[in-house]
Amino acid sequence: MTLQLYNTLNRRKEKFVPVNPDRVTMYVCGPTVYSYAHIGNARPAVVFDVLLRLLRHHWSNVIFARNITDIDDKINAAAAEQGIDISEITAKYEKIYLEDMASLGVIPPDIDPHATDHIPEMIAMMEKLIAKGHAYTADGHVLFHVPSFDDYGKLSKRGQDELLAGARVDVAPYKKDPSDFILWKPSTPGLPGWDSPWGRGRPGWHLECSCMIEKHLGSTIDIHGGGADLVFPHHENEIAQSTCVSEGEDFVRFWLHNGFVNVDREKMSKSVGNVLLVHDLLKNTSGEAIRLALLNAHYRQPLDWTDDGLVQAKRMLDRLYGALRKLEDTEVTIGTKPNANFLAALNDDLNTPKALATLFDLARKANSANDIADKRRIKSELIASGQLLGILQADPEEWFSAKEYDETALDISHINKLIEARQTAKASKDYAEADRIRNELTAQGILLEDGQDGTKWRRA
RNA sequence: GGCCCGGUGGGAGAGAGGCUAUCCAGCGGAUUGCAAAUCCGUGUACAGCGGUUCGAAUCCGCUCCGGGCCUCCA
């Protein structure tokens with residue numbers, strides 16, 4: 001079974017074959033840590049987490065790096081505002097980011113390089129670029145000279161002349177060419193800075209990724225992922241830097257980009273005031289439901305985030321966990337592979353909606369299976385498949401009884417007491433009393449399900 | 001202005017020349033003490049107009065509408 005991935009470089013799906021099957025490499029642009037992660041930050045984290053799981057299913061050694069941008073003007077601004085060192089800001093929000101992503105079931109990267117730990121590498125790269133004539137110094141800045149790189153624009157499909165036509169920002173006077181971008185800029189005494197051959201300064205944004213990729217993964221990597229907005233300029237600039245440094249070697253073989261998350265048909269932005277923080281969403285929804293809501297659309301499509309979408313994601317999980325709950329006494333066969341149809345869907349450019357459909361197909365079969373062997377196979381496949389998606393790994397009983405989001409909810413022993421009382425009433429055919437108890441529970445958000453082997457319950 | 005995506009049934013969302021996507025909601029039935037869950041069945045869906053084809057949501061052209069990027073952005 002072959003994995004097909006849509007490569008932004010060629011704008012089509014291509015068969016994915018790693019350069020070295022013994023060492024598959026993936027790099028994803030991580031967060032700039034200056035505030036809480038919002039739902040738009042969560043999408044690439046979750047999407048590429050599924051890709052990581054899929055890659056690990058196919059190849060035994062996959063190395064995944066995701067950077068932490070811990071030097072940036074937004075961070076500087078936040079630090080200045082609060083009168084603290086940038087490291088306080090970045091340490092705090094990095095921790096929160098990692099916690100929030102863990103709540104969404106995101107596997108931590110093998111390597112999480114920080115920009116500020118790679119200043120010497122950046123300086124070395126700039127020196128190389130200057131020596132080769134791809135960069136120059138001006139006014140305390142170091143700039144990459146875009147016209148020196150013929151392939152500039154190959155990722156975003158922009159000609160160099162088009163870049164000028166659309167420029168909507170005033171061109172800094174020290175630039176040789178309007179499209180040149182900053183590798184290093186001078187810092188004033190009040191700003192964070194590092195000593196360099198060009199004086200005390202700080203790095204521009206694009207350089208860190210090129211340096212950290214080369215240092216930790218090598219000069220050619222298999223996959224580089226990130227949000228669609230990073231195609232230009234960020235990834236285009238990375239290509240320019242890295243290709244020029246490495247003498248034209250292939251820098252990244254597959255460029256993957258996830259679509260944006262909108263909120264109620266509108267782009268998320270501070271000015272509209274519709275920025276949804278993962279941290280807040282987690283206060284009254286499970287991370288698993290948030291994760292599924294993100295995976296319910298294909299990763300390249302724009303995703304419109306709504307409250308209803310989240311409710312639907314929870315219902316979907318209810319259905320899947322309901323099937324697993326039905327099979328709670330069925331043993332799981334260790335080492336079961338994910339379902340073949342499920343895998344085929346994921347292998348087709350990470351088609352998570354289609355993959356989910358195969359899960360529902362399994363759930364339907366699970367709900368009507370009688371044969372022990374069938375039950376075992378279905379349950380095992382459901383769990384193995386869910387693992388690739390990062391869902392369905394919880395105990396179904398826990399899924400249906402979790403009350404962590406509503407502290408006022410009835411506790412389990414009380415619920416069980418009432419259910420017992422109802423059983424007694426039912427046994428003596430006192431259906432009025434039985435229904436009264438059920439209504440009482442329903443009013444508290446507890447739904448009862450009478451089955452062959454007793455009464456099960458769930459929170460609404 | 002340049003480049004690039006989309007518009008699918010009440011909602012979400014796949015598919016990409018002929019074959020039920022799926023989930024939620026609705027309706028009918030089975031089951032149930034009644035329910036719930038579950039199962040079975042059920043929907044005038046593919047923005048519009050042309051074209052290609054035996055056959056088009058799917059390919060081509062045009063139109064309309066929405067969105068993204070164009071050196072802050074996931």
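In what follows, chains carry the letters A, B, and so on, assigned in the order in which the sequence lines appear, proteins first and then strands, with residues in each chain numbered from 1.
The base-pairing partner of rC39(B), taking Watson-Crick or G-U wobble contacts with both distances under 3.5 Å, is rG29(B). In this structure rG55(B) sits in no base pair that meets the Watson-Crick or G-U test at under 3.5 Å. Pairing of rC19(B), defined by two Watson-Crick or G-U wobble distances under 3.5 Å, is not identified with any nucleotide. Nucleotide rC73(B) is matched to nothing when pairs are restricted to Watson-Crick or G-U wobble geometry with both distances under 3.5 angstrom. Base pairing annotation: rG66(B) forms a Watson-Crick or G-U wobble pair with rC5(B), both donor-acceptor distances under 3.5 Å.
At the phosphate of rC23(B), OP1 or OP2 sits under 4.0 Å from a side-chain N or O atom of Arg319(A). Of the side-chain N and O atoms in Asn262(A), none sit less than 4.0 angstrom from OP1 or OP2 of rG67(B). Considering only side-chain N and O atoms, Trp205(A) lies under 4.0 angstrom from the phosphate OP1 or OP2 of rC73(B). Side-chain N/O atoms of Asn367(A) include one lying less than 4.0 angstrom from OP1 or OP2 on rC39(B).
As rounded to whole Å, 16 Å separates atom P of rG68(B) from atom CG of Leu230(A). If you take NZ of Lys456(A) and C1' of rA36(B), they are 13 Å apart, rounded to a whole angstrom. Computed from coordinates, the His298(A) NE2 to rG13(B) P distance equals 13 Å when rounded to whole Å. The nearest whole Å value for the distance from the CD atom in Gln452(A) to the C1' atom in rU31(B) is 11 Å. Atom CD of Gln301(A) and atom P of rG66(B) are 19 Å apart (whole Å). Leu155(A) places its CG atom 20 Å from the P atom of rG68(B), with the value rounded to the nearest Å. The CD-C1' distance, from Gln312(A) to rG26(B), rounds to 14 Å in whole Å.
The aromatic ring of Phe260(A) does not stack onto the base of rG68(B), failing the criterion of a centre distance under 5.5 Å from the six-membered base ring together with planes under 30° apart.
Nearest-nucleotide positions on RNA chain B for Pro233(A) and Asn258(A) put Pro233(A) closer to the 5' end. Comparing Ala363(A) and Gly40(A) by the nucleotide of RNA chain B that holds the closest heavy atom to each, the one mapping nearer the 5' end is Ala363(A).
Annotated as anti: rA30(B), whose glycosidic dihedral deviates from 0 by more than 90°.
Across the P atoms, rA16(B) and rG26(B) are found 31 Å apart, a figure rounded to whole Å. Distance check on atom P: rC59(B) versus rC27(B) gives 37 Å, rounded to whole Å. Distance check on atom P: rG11(B) versus rU44(B) gives 15 Å, rounded to whole Å.
Asn351(A) comes within 4.0 angstrom of sugar-phosphate atoms only, judged by non-hydrogen atoms across all strands, and of no base.
Heavy-atom contacts from other residues, nucleotides or ligands closer than 6.0 Å to CG of Asp307(A) number 12 or fewer.
Inspection of the Asn67(A) and Thr69(A) side chains reveals an N or O donor paired with an N or O acceptor under 3.5 Å. Asp348(A) and Gln4(A) are not linked by any side-chain donor-acceptor pair at a separation below 3.5 angstrom, with hydrogens and angles left out of the test.
Listed candidates were rA14(B), rG11(B), rA74(B). Nearest to the side chain of Asp308(A) is rG11(B).
The cationic group of Arg11(A) does not satisfy the cation-pi geometry with Tyr6(A), failing either the under 6.0 Å distance to the six-membered ring centre or the 45° limit from the ring axis. A cation-pi arrangement is absent between Lys456(A) and Phe400(A), since the terminal nitrogen or guanidinium carbon is not both under 6.0 Å from the aromatic centre and inside a 45° cone about the axis.
The distance between the ring centers of His134(A) and His145(A) does not fall below 6.0 angstrom.
A donor-acceptor contact under 3.5 Å links the side chain of Asp450(A) to the base of rC34(B). The base of rA74(B) has none of its N or O atoms less than 3.5 Å from a complementary donor or acceptor on the side chain of Arg43(A).
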